[in-house]
2 protein chains.
Amino acid sequence: MTPPKLLDDKALKERELLIINTAVLLIQRNGIENLTMDKVVTQVPFSKGTVYKHFVGKEDLLLAISNHSIKVLGDLFHRAYQFKGCARSRMLLLNFSYLIYAMLYPALFQTVLCAKSPNVVGKSSEKHINEGERLEIKLMTSIHGIVEDGLADSSLELPMNMDIQQLCFSNWSMAYGAITLLSSEVEQCSGRTSLIVERELFNLSNMLYDGMGWKPFTKDRSHCAELKIALAELFPEELAQIKAKGRELNFDSFS
Amino acid sequence: MTPPKLLDDKALKERELLIINTAVLLIQRNGIENLTMDKVVTQVPFSKGTVYKHFVGKEDLLLAISNHSIKVLGDLFHRAYQFKGCARSRMLLLNFSYLIYAMLYPALFQTVLCAKSPNVVGKSSEKHINEGERLEIKLMTSIHGIVEDGLADSSLELPMNMDIQQLCFSNWSMAYGAITLLSSEVEQCSGRTSLIVERELFNLSNMLYDGMGWKPFTKDRSHCAELKIALAELFPEELAQIKAKGRELNFDSFS
DNA sequence: AAACGTCAGTGACGATTCGTCATTGTTAAA
DNA sequence: TTTAACAATGACGAATCGTCACTGACGTTT
């Protein structure tokens, strides 16, 4: 009467990842708007029914891709968190790791944005929705850690009766807004508009940190030169890949 | 031989608006993820072919709704711009008009977010895409005007070699990020999380303005009391409607 | 070893939704 | 009245979705 276990979790995870990666390739090739389950099924050594065992529908698959993408971003964030340097610099570095992510993996970035739409969330499984929330919280922990370091070394004090979570959210929402709004420009080489994403992100971050009273203030330190060095040290491969795509982070147009 | 004009522009515009409003009602009732062209057609005194005369497809209709929503928001922004008061207060007020909009018209707000997805943009007509860009620029002009007023009365100086457009974008992307990320919380009465959207928006705005060096600084003025009065004067109806929905802007939890 | 039960896998199928287009109706000039 | 251009219709084919009845493989029971 013991129900036989025929499939181990490992194999299931592997298969799930294979489906996700296949879907990402299709998104890269045809655009997210043309992704269909039928196409995914033909590109995968399983039948439709099996795919639907893993994902209750197309939207659920999208959310799973989004979750996977957030994991990738979480790794970049963690590297920024671990960098040696003052807290404020590392927070700026973290924001730029977000930008690098958006430039390097546009399909993933795009999918995360799409997955935020109620169109997707409304049709997804509880399991993947909860996983997504967990992952976003995890993302926040890197930010959290940097803020705590800033508080610990007294370069930062909590302003306006705010708590740590609020401060983390401030930085996150600011970076999110800037990169999202300029993400359409992120991919192209030359900006049609006069807004340059790396410059706006840099200025916006510094204004916010100055407003928080986070030392060293902009007037006392060349954050730009520091950032340039840190990026080259922490993300050499990623910067090279971006360059290979014909795009490049340009810090010369602003001091 | 003169080709007869049978439909005037006015009637066309009216019909387009009727279709849009019908679709908005359906979104409110069934959620944006369940909007179908067939349902729209049955709710409208025209046939499918006629609807498709106006909108090349479902996504194009969504974009048109988004554009319509941006017009509504533009009106709120303009009222904030015209308010009497110091520039910095008005900018804060403008951000809060954005929040009011998100709370009062969740379906519209949601549609604007969805319409940003490449899923939608990729399948829409040039006409509506261009119209959307025009409308967003128009939105910016209210922000632009307030910044210029701040420069004119010397309460603000351009920091870090930035130009006016960059400053406008900073405020916009910050407000966008905060409200978007907390929009899922915007509708519900009590916050499960410890983040309260009106409080975060208030703090984030003030930190940014302080960082810009925009006077009067937070330490010198009770922006909160001022904002409370301004909101009551400028958006009495809207605040009442929000209250009627069971939600209320709460300023007591922070000074 | 035969019968049985459980579960993974399959892909044909019905249902839904989309967008088109051949047809019909309408208007105003000739 | 005829005609030409425009407007409106809704039946239809195509695409996509997600389900479900069936098959087969494997371990357990008899």
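One finds a side-chain N or O of A:Thr50 lying less than 4.0 angstrom from the OP1 or OP2 phosphate oxygen of C:dT10. For B:Lys48 and D:dG10, the shortest distance from a side-chain N or O to OP1 or OP2 is not below 4.0 Å. Not one side-chain nitrogen or oxygen of B:Arg15 sits closer than 4.0 Å to the OP1 or OP2 atom of D:dA7.
The interatomic distance linking B:Tyr52 (OH) with C:dT17 (P) rounds to 12 Å, in whole Å. Rounded to whole Å, the distance from CZ on B:Phe46 to P on D:dT9 is 8 Å. At whole-Å resolution of the value, NZ in A:Lys123 and C1' in C:dT16 are 11 Å apart. At whole-Å resolution of the value, CG in A:Asp38 and C1' in C:dA12 are 12 Å apart. To the nearest angstrom, C1' of C:dC18 lies 16 Å from CZ of B:Phe55. Atoms NZ (A:Lys53) and P (D:dT19) sit 11 Å apart, rounded to a whole Å. At whole-Å resolution of the value, CE in A:Met37 and C1' in D:dC17 are 9 Å apart. At whole-Å resolution of the value, CG in B:Asn34 and P in D:dC17 are 16 Å apart.
For A:Thr36, the side-chain atoms get nearest to D:dT16 when compared with the rest of D:dT19, D:dT16, C:dC18.
Counting non-hydrogen atoms under 4.0 angstrom, B:Gly57 reaches the backbone sugars and phosphates but no base.
In summary, the aromatic rings of A:Phe46 and A:His54 are positioned with their centroids too far apart to meet the 6.0 Å limit.
Ionic pairing of A:Arg247 and A:Glu198 is present here: one or more N-O contacts between side-chain nitrogen and carboxylate oxygen are shorter than 4.0 angstrom. Salt-bridge formation is not detected for the pair A:Glu16/A:Lys53: no Lys NZ or Arg NE/NH1/NH2 atom is positioned less than 4.0 Å from an Asp or Glu carboxylate oxygen.
In this structure, CG in A:Asn34 is found 10.5 Å from CG in A:Leu26, a value given to the nearest 0.5 Å.
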